[in-house]
Amino acid sequence: MDCSEAIYSENALDYIVGNYRGEEFVNEMYDPDCYIALDNMLALIYKETEDPDSDTVKKYGFAAIPNVYGLMSTEALEESGVLRLRRQPELDLYGQGVLIGFVDTGIDFTHPAFVREDNSSKIIALWDQTLAGGGDGPFPYGSFFERDALNEALASEDPFAIVPSRDENGHGTFLAGVAAGNENRALQFSGVAPLAELVIVKCKQAKQVYRDYYRIREKVDAYQENDIIAGIAFILEIARREGRQAVVCLGMGTNMGSHSGGSYLSLFMERYTSVVGTGMVACIGNEGNARHHHLIRSSEETINIDVEKRLNGFMAQLWWRTPGNISLDIISPSGQTETGFLAVPGERKTYYFRSENTTVEVHDSIPQEFTREQVIVFRFLSPGAGIWKVRIHADYEYPYYHMWLPIRQFLSSEVVFLEPNPDTTLSSASSGDNVVTVSAYDVIEDSLYLQAGRGFTSADDVKPEVVAPGVNIMGTYPMGRYGAMTGTGVAAAFAAGVGALFMQYYADYNIGGIALREIFIRGASKRGDPYPNTEWGFGILDAYRSLIGS
């Protein structure tokens, strides 16, 4: 099985290796059908298996299993200080010379918002991971389209016959338009950085084996962590090749992970914030009011999970750290109790609850490679309706452990904690120290977006950095349309456009993501008490204050 075939095959599993030590190590440890070395620390492994079940998935450890991400979005320029900057003619800040990259659902490259007046494309490169074409260079899958091909397509009567890449969802097209869409005076629309150029990655859908493993409901958009990482690596490679500054925007999210910056995606994004000319922006997610986070504050505590009705299943993760150890009991709605699971690295047990006809798998992982946290994974398979209880026994008196349920769109019916905590509901990918994490607010109502996730991280680092417009924002949809969308993904795209303006302003200083984060914070308009806080972070984004001052 060649590499391109393995990457798409449902009979080949994907792994992420965070301690890549060269070809000899990979071949000896994994015996892969193929692998992609993205840098000197991280590689993606593809290996054929006859039976890709949960046992096979766990073979190389929990850390190697890619998380699965979902989409985070369903008068702003004035309120955020962008128009005030534009009214300073000596600045001429429209994003010139800066690239903005998206790993998302693709783009309608024929939309007028992405076509210049001379009918040339403002997209530098487009990688469609869903189109099997053999790939190119370090990315041996998907199809690549450079600007020449896009320009040729735009000049033809049937553009999609030349570049057959479409955005069937519309999410990626919308976010790209918010960040960098051309001005449309008739509709009073403009992207934040309309003269910035774009690098687009259309991410392929997650394989069925991972949908089954995480018990993700059918027909919902879901994307694997390894494909997202590869997409970001592609954007960085194009920026390096072109010698351009770049802002990468991620409008996807997941609840799985430690929420402390320890996931491979978060670590990859964080690593490149130290590279000159590279900034990372991520949405905080839309889980603030989902009741999917429980904070464990005492050494003896019962976690109540309310399952509305029987569903295919769901995963939950409990993240904890030493000192001490923990054990747990599981109690079904009918009262059947299974006791004595001790969190020993590699320990795994399967319990069957007869009255509910439900199987619960519990697995304790070894400590993660780049964080102190350890994880206990729960897989509820075909759980019956009612209140399921997980009783925790911790050695440590004040443990401060966390448990998360999946993001809401991955569940086919409501599954919630009865004693939820709305804080630490940020997406795992947004928890890196120097990734600019963006929440959303309603400019008209001057209020936080109701569903917006909240900080801080589980390591108590301040997130979000800023809050940007993200409710009923005007943007671009496929087939030349314009409309509105809401969500923290939209707010992140808005902030990515602002980041392009900052990069342009400081082009002579070759700033990187660490400095970019500080520029966002410097101009933020304080909001809420205490300061900073879990809802508003350092405050509302104000581009003018960041560059010019009050």
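Below, all heavy atoms of this structure are taken into account, side chains as well, without hydrogens, waters or symmetry copies.
With 3.5 Å as the limit, one finds no donor-acceptor pair spanning the side chains of S120 and N151. Y141 and D227 share a side-chain donor-acceptor pair at under 3.5 Å. Between the side chains of S143 and D128, no donor-acceptor pair is found at a separation under 3.5 Å.
Residues M474 and Q188 fail the side-chain proximity criterion, which asks for heavy atoms closer than 4.5 Å. In this structure the side chain of Y505 never reaches within 4.5 angstrom of the side chain of I511, judged on heavy atoms. Looking at Q504 and L195, their side chains never come closer than 4.5 Å, going by heavy atoms from C-beta outward. When side chains are defined from C-beta on, S165 counts as touching L131, because their heavy atoms get closer than 4.5 Å. Side chains of R244 and I124 form a contact here, defined as non-hydrogen atoms less than 4.5 Å apart. Between Y506 and I519, some side-chain heavy-atom pair lies under the 4.5 Å cut-off. Using a 4.5 Å cut-off on side-chain heavy atoms (C-beta onward), M280 and N434 make no contact. With contacts defined as side-chain heavy-atom distances shorter than 4.5 Å, the pair T476/F189 qualifies.
For an aromatic pair to be called close, the ring centres must be under 6.0 Å apart, and Y272 with F268 satisfies this. Between Y214 and F410, the ring center distance fails the sub-6.0 Å criterion. The distance between the ring centers of F109 and F160 falls below 6.0 angstrom.
Heavy atoms only, all atoms of each residue included: F102 and A493 are closest at CE2-CB, 4.2 Å. Counting all heavy atoms, side chain and backbone alike, M503 lies closest to V98 at CB-CG2, 4.0 Å. Residues G106 and D167 come closest through the heavy atom pair O-OD2, 3.6 Å. Taking both residues in full, the closest heavy atoms of I407 and G253 are given as CD1-O, 3.7 Å, listed atom of the first, atom of the second, then distance. Contact detail for V281 and A495: the closest heavy-atom pair is CG1-CB, 4.3 Å. Heavy atoms only, all atoms of each residue included: D433 and E465 are closest at O-OE2, 3.9 Å.
Of the possible donor and acceptor atoms, none in the side chain of T278 sits under 3.5 Å from a partner among the backbone N and O of A246. A donor-acceptor pair is defined here as one N or O able to donate and one able to accept, closer than 3.5 Å; such a pair exists between the side chain of S430 and the backbone of S427. No donor-acceptor pair closer than 3.5 Å links the side chain of Q451 to the backbone N or O of E287. Between the side chain of R211 and the backbone N or O of E218, no donor-acceptor pair lies under 3.5 Å. Between the side chain of N286 and the backbone N or O of G487 there is no donor-acceptor pair closer than 3.5 Å. Counting only distance, with no hydrogens or angles, the side chain of R215 and the backbone of L311 share no donor-acceptor pair below 3.5 Å. Using modelled atom types, no side-chain atom of R517 and backbone atom of V435 make a donor-acceptor pair closer than 3.5 Å. One N or O on the side chain of H259 and one on the backbone of L426 form a donor-acceptor pair closer than 3.5 Å. Looking only at distances, no side-chain donor or acceptor of Y441 sits under 3.5 Å from a matching main-chain atom of V471. Within the 3.5 Å criterion, the main-chain N or O of D108 finds a donor-acceptor partner in the side chain of T173.
Atom CD1 of residue I65 and atom OH of residue Y210 lie 7.5 Å apart, to the nearest 0.5 angstrom. The CD1 atom of I107 sits 14.5 Å away from the CZ atom of R166 when rounded to the nearest 0.5 Å. Distance CG/N67 to CD/Q224: 10.5 Å, rounded to 0.5 Å. With values rounded to the nearest 0.5 angstrom, Q129 atom CD is found 9.0 Å from I228 atom CD1. Distance check, rounded to the nearest 0.5 Å: CZ of F114 to OG of S121 gives 9.5 Å. With rounding to the nearest 0.5 angstrom, the CG atom of N169 is 9.5 Å from the OH atom of Y477.
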Assess whether ring-ring contact (aromatic ring centres under 6.0 Å, His included) is satisfied between Y482 and H111, documenting all intermediate values.
-> CA-CA 10 Å; Y482 293 83; H111 196 292; 4.9 Å; yes
Given D442 and S447, is the side-chain hydrogen bond (donor to acceptor under 3.5 Å, both in side chains) satisfied, shown in steps?
-> CA-CA 5 Å; D442 186 331; S447 61; 4.9 Å; no
Starting from the C-alpha separation in whole Å, work towards a yes-or-no answer on side-chain hydrogen bond (donor to acceptor under 3.5 Å, both in side chains) for T437 and K463.
-> CA-CA 6 Å; T437 303; K463 294 288 175 178; 3.3 Å; yes
List the steps, then state whether side-chain hydrogen bond (donor to acceptor under 3.5 Å, both in side chains) holds for N289 with R408.
-> CA-CA 10 Å; N289 69 345; R408 65 183 91 208; 2.7 Å; yes
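For R185, the CZ atom is loosely surrounded, since the number of other residues' heavy atoms within 6.0 Å does not exceed 12.
Ring geometry, F502 versus F520: the interplanar angle exceeds 60°, so the pair is classed perpendicular (tilted spans 30 to 60°).
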